[in-house]
Amino acid sequence: MPLTRRSFLKGTAAAGAACAGATAATAEVREEKTLPPKALGLLFDSTLCVGCKACVVACREANGTHPEFNTEDKLWDTPLDLDADTLTVIKAYREGTGVTKDSEKDGYAFMKKSCLQCIDPSCVSVCPVKAMTKNPETGIVSYNPDNCIGCRYCVAACPFGVPRFEYDKTFARLRKCELCKPRLAEGKIAACAEVCPTGATLFGPVTVLRAEAERRHKLRPGERAFFPRKTADSTDVHEKPAPHYVAETYGLTEVGGTQMQLLSGVRFEKLGMPVLPKKSFVSISETIQHTLYKGMIAPAVLFGCLLFLVRRATNSEQHKTAEHDKHVDQHKGDE
Ligand code: SF4
Ligand code: SF4
Ligand code: SF4
């Protein structure tokens, strides 16, 4: 009998139930991972993004993926979300009259979606064959198709809905952003940061990107401010009145922190980013696994635990944000 989504989820329900019980019984969780010593990442500042989608095109070039035509005339590359051919996408928030940039009311804003290179990644934890790995130095989360058995545990376990499967291919792979690893090996920076005309996407060491985010939080709205392009320490800067930022940097603490950092003038849940706990799901599920199996390898139980935690967080988020979902639309560059 073929494995359907229903039977797959059913098969992990028992593990999820064990997880629910064990969560209540667990007194301590395993230590959370910290930022790798040479962690690399991206800083996306929604207030600087003009929705040009140059990053989407550059990402395609860098990864050899194909445009997606979702309009009837088939003239425009209009990806609706991440998929196996689209490793980064620009989405738009719009409310009311939709005329004021970075305003929740009667405004609009853009959000860049791609792998956040989690510090303690669920996709790595649930993979039973080490097809997903996290580099101990740079923290880049990589995928090895030669190891992959196509179970798609990583797809279900990622709290951000990032890895996508090539359903239409005979020898299918998972696809996700790997922070332009081949470009980095050539001494280049991430393609999306390289081409961004406004510096909305910056590439670099996470500590430098976090310091830059902190600098921006300290700016007074309206004051004269300078914003670099490509990297946070670049001399290629442009001037612009400082925007009003929401007080948090997304990615600083979510599920143990991520190597992609996000800044915005509109609350992140309005931009489609899930509201997540600070503690990494993996630190909880791996503790439960060790508690139940005392060191034996039990990926199904681990996966069930992670799925339970992700679905619980997602359900709670869906409940909180159901009323705004209708406002988060795919940005069409020709609108
Ligand atoms: S290239 Fe920069 S400004 Fe253009 S859509 Fe991408 S992040 Fe936004
Ligand atoms: S965002 Fe998802 S795919 Fe990327 S590292 Fe985190 S868990 Fe893995
Ligand atoms: S880092 Fe590279 S693979 Fe990742 S979104 Fe940017 S261009 Fe795409």
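All heavy atoms count here, side chains included; hydrogens, waters and symmetry mates do not. Read the numbers this way: they start at 1 and go in the same order the structure lists the ligands and their atoms.
- Among all protein heavy atoms, the one lying closest to atom 3 (S) of ligand 3 is Asn63 ND2, 3.3 Å.
- Listed by number with element, the atoms of ligand 1 under 4.0 Å from a non-hydrogen atom of Ala54 are 1 (S).
- Using a 4.0 Å cut-off between charged nitrogen and carboxylate oxygen, Asp83 and Arg164 do not count as a salt-bridge pair.
- Using a 4.0 Å cut-off between a side-chain N of Lys or Arg and a carboxylate O of Asp or Glu, Glu214 and Arg210 do not qualify as a salt bridge.
- Taking every non-hydrogen atom of Gly51 and a distance limit under 4.0 Å, the qualifying atoms of ligand 1 come out as 5 (S), 8 (Fe).
- Panel note: side chain Thr88, backbone Ser114; no donor-acceptor pair is recorded below 3.5 Å.
- Within the structure, the closest approach of Pro197 to ligand 1 falls below 4.0 Å when heavy atoms are considered.
- Counting atoms of ligand 2 from 1 in the listed order, those under 4.0 Å from a heavy atom of Lys176 are 3 (S).
- Atom 8 (Fe) of ligand 2 has Cys123 SG, 2.3 Å as its closest protein atom, hydrogens excluded (heavy atom only).
- By the 4.0 Å N-to-carboxylate-O rule, Asp77 lies close enough to Arg60 to be salt-bridged with it.
- Residue pairs meeting the ring-ring contact (aromatic ring centres under 6.0 Å, His included) criterion with at least one partner in residues 165-192, sequence neighbours excluded, are Phe165-Tyr167.
- Of all atoms in ligand 2, numbered sequentially from 1 with element shown, those under 4.0 Å from a heavy atom of Phe160 are 1 (S).
- Within the listing of ligand 3, atoms 5 (S) sit less than 4.0 angstrom from a heavy atom of Lys112.
- Contact atoms of ligand 1 toward Thr198: 3 (S) (distance under 4.0 Å to a heavy atom of the residue).
- Using a 4.0 Å heavy-atom cutoff, Arg183 is absent from the residues neighbouring ligand 3.
- In terms of protein heavy-atom proximity, atom 6 (Fe) of ligand 2 is nearest to Cys118 SG, 2.3 Å.
- Residue contacts with ligand 1 include Lys53, since one of its heavy atoms falls under 4.0 Å from the ligand.
- Contact annotation for Val50 and ligand 1: heavy atoms of both the backbone and the side chain come within less than 4.0 Å of the ligand.
- Salt-bridge check for Arg224 with Glu239: passed, with a basic side-chain N closer than 4.0 Å to an acidic carboxylate O.
- The main-chain N or O of Thr78 is found under 3.5 Å from a side-chain atom of Asn70 such that the two form a donor-acceptor pair.
- A donor-acceptor contact shorter than 3.5 Å links the side chain of Asn135 to the backbone of Glu137.
- Classification of Arg183 and Glu186 as a salt-bridged pair fails, no side-chain N sitting under 4.0 Å from a carboxylate O.
- Set against the non-hydrogen atoms of Pro163, the atoms of ligand 2 under 4.0 Å away are 3 (S).
- No donor-acceptor pair under 3.5 Å is formed between the side chain of Tyr93 and the backbone N or O of Phe110.
- Of the protein's non-hydrogen atoms, Cys115 SG, 2.4 Å is the one closest to atom 4 (Fe) of ligand 2.
- Taking every non-hydrogen atom of Phe44 and a distance limit under 4.0 Å, the qualifying atoms of ligand 1 come out as 7 (S).
- Atom 6 (Fe) of ligand 3 has Cys192 SG as its protein N, O or S neighbours under 2.8 Å.
- Nearest to atom 2 (Fe) of ligand 1 among the protein's heavy atoms is Cys196 SG, 2.3 Å.
- Residues forming a salt bridge (Lys or Arg N to Asp or Glu O under 4.0 Å) with Arg267 (at least two apart in sequence, or on another chain): Glu104, Glu269.
- A salt bridge is defined here as a Lys NZ or Arg NE, NH1 or NH2 lying under 4.0 Å from an Asp or Glu carboxylate O, and Lys230 with Glu194 meets this definition.
- Hydrophobic side-chain contacts under 4.5 Å tie Val237 into a cluster, directly or through other members, with Phe226.
- In Lys130, the NZ atom is not crowded: 12 or fewer heavy atoms of neighbouring residues, nucleotides or ligands sit closer than 6.0 Å.
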